[in-house]
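Quick notes on the structure that follows.
Residue numbers begin at 1 in each chain, while the letters A, B, ... track the order of the sequences.
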Amino acid sequence: MNQKAHRYDARFANEIEPRWQKVWAERKTFEQPNPGEPAFDAGKERFYCLDMFPYPSAAGLHVGHPEGYTATDILCRYRRMIGFNVLHPMGWDAFGLPAEQYAIQTGVHPAITTRQAIDNFRRQLQRFGFSYDWSREFGTIDEDYYRWTQWIFLQIYNAWFDELEQRARPIDELVSELEQGHAAIDADGRVLRFDHEEVRDLPEGARMWDRLTAEEQQDAVDANRLAYVGEQTVNWCPKLGTALANEEVIDGRSERGQHPVLRKPLRQWLFRITAYADRLVADLDGLDWPESTKTMQAEWIGRSEGAQIDFPLVSPPPTAPPALRVYTTRPDTIFGATYMVVAPEHPLVDVILERPGKRTDVDALRAYVTEARNRSDIERQENKEKTGVFTGAFCTNPATGATIPVWVADYVLMGYGHGAIMAVPGQDQRDWDFAKAFELPIVRTVQPPADFDGEAYVGEGPAINSEFLDGLEVDHAKRRILDWLEENGIGRRQVNYRLRDWLFSRQRYWGEPFPIVWDDNDRPYAVDASTLPVTLPELEDYAPEESDDPKPLLAKAGDWVRTTAGEAGVAALDPSTPVRRETNTMPGWAGSCWYYLRFCDPRNADRLIGEEAEAYWMGERGVDLYIGGAEHAVLHLLYARFWHKVLFDLGHVRSPEPFRKLFHQGMITSYAYQRDDKTLVPIDQVEEKSEGVYVETATGAEVQRITAKMSKSLKNVVNPDDIIEHYGADTFRLYEMYMGPLADGKPWNTDDTVGLYRFLQRAWRMAVDESTGEVRYADAADGEIEKKLHRTIDKVARDVEKLSFNTAIAAMIEFVNAAQGGVTENQLDRFTRVLAPFAPHVAEEIWSRMGRTECVSDAAWPAIDEAMLKDDEVEIAVQVKGKVKARIRVAADASKEELEKAALATLEGEPNVVKVIVVLGRLVNIVTR
RNA sequence: GCCGGAGUGGCGGAAUUGGCAGACGCGUCGGAUUCAAAAUCCGAUUCCCGCAAGGGAGUGUGGGUUCGAGUCCCACCUCCGGUACCA
């Protein structure tokens, strides 16, 4: 008995793992000093490796979290061993809707539930033995942190975008540009920058600074800030009680909670992200990001080149502009524009309703636009039948001179272009469908190929029915008509984007308050940066009212809202001036837009990031490696790039992009069971009747095994705590990395974890005598084992750099399988270092039993001897017409002639050899007739 | 519909990028150990025919390039992710 008292098992793993975690914490093994601090080693290269920080929920970690975190942990531990300064931080993305909703459900304040969730997440993450520098930990809800989130908001608020220089500049510089006459304010209130000091033709409605009243000057400045208040049709979610950004609405439903979303005009805080559209697209080029993500961002921004064209209105009412302005990417088809369409929200509609034309059916028009404006996005998507009403108005087609009708239809969206189109049914399928439904004329202006039997033709071809364009190919025709439009003052070239300005205010409680107050004239004032943070007030009742009208929850905090300029810290006003605080809060994205900067210098009380820390850790290229899920491809990753670019323009960071290299780990799915009608059966209601045959326990009906996202309803969620209890964290880490390529989606299969557990048992047994617990060494090194060890070290190092952890682990398994007879002390020393990044706890335990006093986590990566990677003799294949017929052993450096001779010698009889192909060190292929 | 990505044993996946398909792990089968079981260890395991030696087929389907194709080209099928009246 007691013969195998020192085996590696779950109990043992659960004993040593917390013990080593404590040692690392006590020795501050993974605390990375900053430049300027005494312990900092300036001679080492930096490696800033960032995980997407988690949103701590009450449910705790799921198995998807540790996937990316284990990957970065292995890479960081490896990079430390080869001599990098490694910045590998962790924190909490803790403001946002889900925490507030959970708090409403439980009746406990979100500050309390969020802190509990953070504590639980920290406990779970630490149990994995991740090498985070926990001294840099923070949460976005910490006052020390969101103070700077508010500070950055003020930076954006106090900036404008100079179109001429294509960059953000401080707002003071706008005022001086205007004062010096280098800019004017156009009819829409936007800045008009001049590329010459001399002002030539001021466009209609534009005015110079000195022609504006003081109030108009103030309005003009406010209207040009990068953060501004605007009236916009927004996505309003009654269930969540807040407006949402475009990016947060998926198929007409809220990204969080899948509640229906309506369109509603609201006054909201917006970020002028559209000003950066060009740079956000162009700078994707230099990034080492997955192509799919770059494509998604580029498509989301949706740059298109076309023209804006004015179609004069026929006898317009005096309150209407003289022409209807449209955007088109196909100006070459203008001769085929047989009617116009405006969106239901288009201002012309209201003008017409006030002063209807002779042909206007006022009741029908009013009924249509009222219904269309109230229709939810979901309803819009469900019914794509073309509907619309004739407005009674007419335009002149400036190319043909023809009078054409103006319709209103909901297939034209107010939010894109000018909310109006010229309809060319011959070359646009949507216009074709509409023209067919309402019997409008169709004129083709591009000649389709002879065999074309479709409806609208969108391909290449010569122009027809287009006067001076006839015969020109599409590209040429476009250039020609654009020149004509510009010469005649009818239209001009225009670049358009699908991207809209970012709606930044939420009517929720659990978020950063805006550092803004309003005076009695409803004019906004910034809170002085020195008085930040504007802290979130306590609120007794933060439950939302389900409502069609936005009521920011903070409005309930009356004493907090009503204050004075002096108390609020607004230096621009007399201290006694009564003001109201902004009651909207920032969206959950705010905190994650810049957390990677704060990790570089998390305790800096004077700046959001110290200059020295910023220069070293971020430098000119930004974060070296960022790993996280692909679900953030256009949300967080676009917003963070935008904030970063503003900070870059204003001189706070020196890298134009925040994340040089990005990698998405694949989703871990789980098995699920499906009935013949495709409905899913919870996993605990299914049993395996025979091999590969699964039946529903209750009915005995056969079900199919499929893979699906883990979800509570399918009862196929795997809890990491259970796996650790059963096998230990080292086994868990190895299993997740061994499942398959990091980037791929992979099904979780708990049965497979035992393979990695056995690997650790064998590795342990290779090193330790299981009856005594002492390390054991072979007396002399076996030549083959030594060779294999060199190859293993080499392979693991290469694979880790490629993030190919599954093959790295396979190589270690092969080594341990081959070395069950035992290894020398020196060999064990090297193997333990190789194992350490993957299974750090068991590696430390072996290391310490070898008598080492330092941590293996602090050891250097073992060196290899290149000569040991080569074989003296290799086996090569002999093929006849591509089929392997024999294998021969030859010297590794055998010449082409030697190989050919040896290969031909294996052939029997008298083959008719036509040709022999020799691939050195690999194979010989003999071609016979 | 459009844009990405992927289809390899019973399962998860390897394959130095055009050079011996199936590394490694799970499972299964056989054996050892055990009073027995668990655990562990050893061996076998792509499929088909065959007692065997051996033979044949084989990387979603069909075609092509090549001495040679999982890998390259063309057409198609299926699955996953994204997106959708963006003029």
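- Residue A:Arg765 places at least one side-chain N or O under 4.0 Å from the OP1 or OP2 atom of B:rC41.
- Counting any heavy atom pair closer than 4.0 Å across all strands shown, A:Gln820 reaches no nucleic acid atom.
- A sub-4.0 Å separation between OP1 or OP2 of B:rC26 and a side-chain N or O of A:Thr753 is absent.
- At the heavy-atom level, A:Arg303 lies nowhere under 4.0 Å from the strands shown.
- Between A:His418 atom NE2 and B:rA87 atom P there is a gap of 13 Å when expressed in whole angstrom units.
- Both tests do not hold together for A:Lys386 against A:Phe438: distance to the six-membered ring centre under 6.0 Å, angle to the ring axis within 45°.
- Note on A:Arg330: every side-chain N or O is 4.0 Å or more away from OP1 and OP2 of B:rA87.
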Fill in: Heavy-atom protein contacts under 4.0 Å, nucleotides 14-19 of chain B, coded B base, S sugar-phosphate only, - none
S-B--B
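- Counting only heavy atoms from C-beta outward, the side chains of A:Val918 and A:Val916 approach each other to under 4.5 Å.
- Residue A:Asn817 is in sugar-phosphate contact alone, with no base atom involved, counting any heavy-atom pair closer than 4.0 Å across all strands shown.
- If you take CD of A:Glu455 and P of B:rC85, they are 19 Å apart, rounded to a whole angstrom.
- Nucleic acid contact class of A:Arg500 (heavy atoms, under 4.0 Å, all strands): base.
- Protein atom CD1 of A:Ile809 is 18 Å distant from nucleotide atom P of B:rA23, rounded to whole Å.
- If you take atom C1' in B:rG58 and the same atom in B:rG9, they sit 10 Å apart, rounded to whole Å.
- Nucleic acid contact class of A:Gly302 (heavy atoms, under 4.0 Å, all strands): none.
- Here the C1' atom of nucleotide B:rG25 and the CG atom of A:Leu760 are 13 Å apart, to the nearest Å.
- Taking side-chain N and O atoms only, A:Arg762 has no distance below 4.0 Å to OP1 or OP2 of B:rA39.
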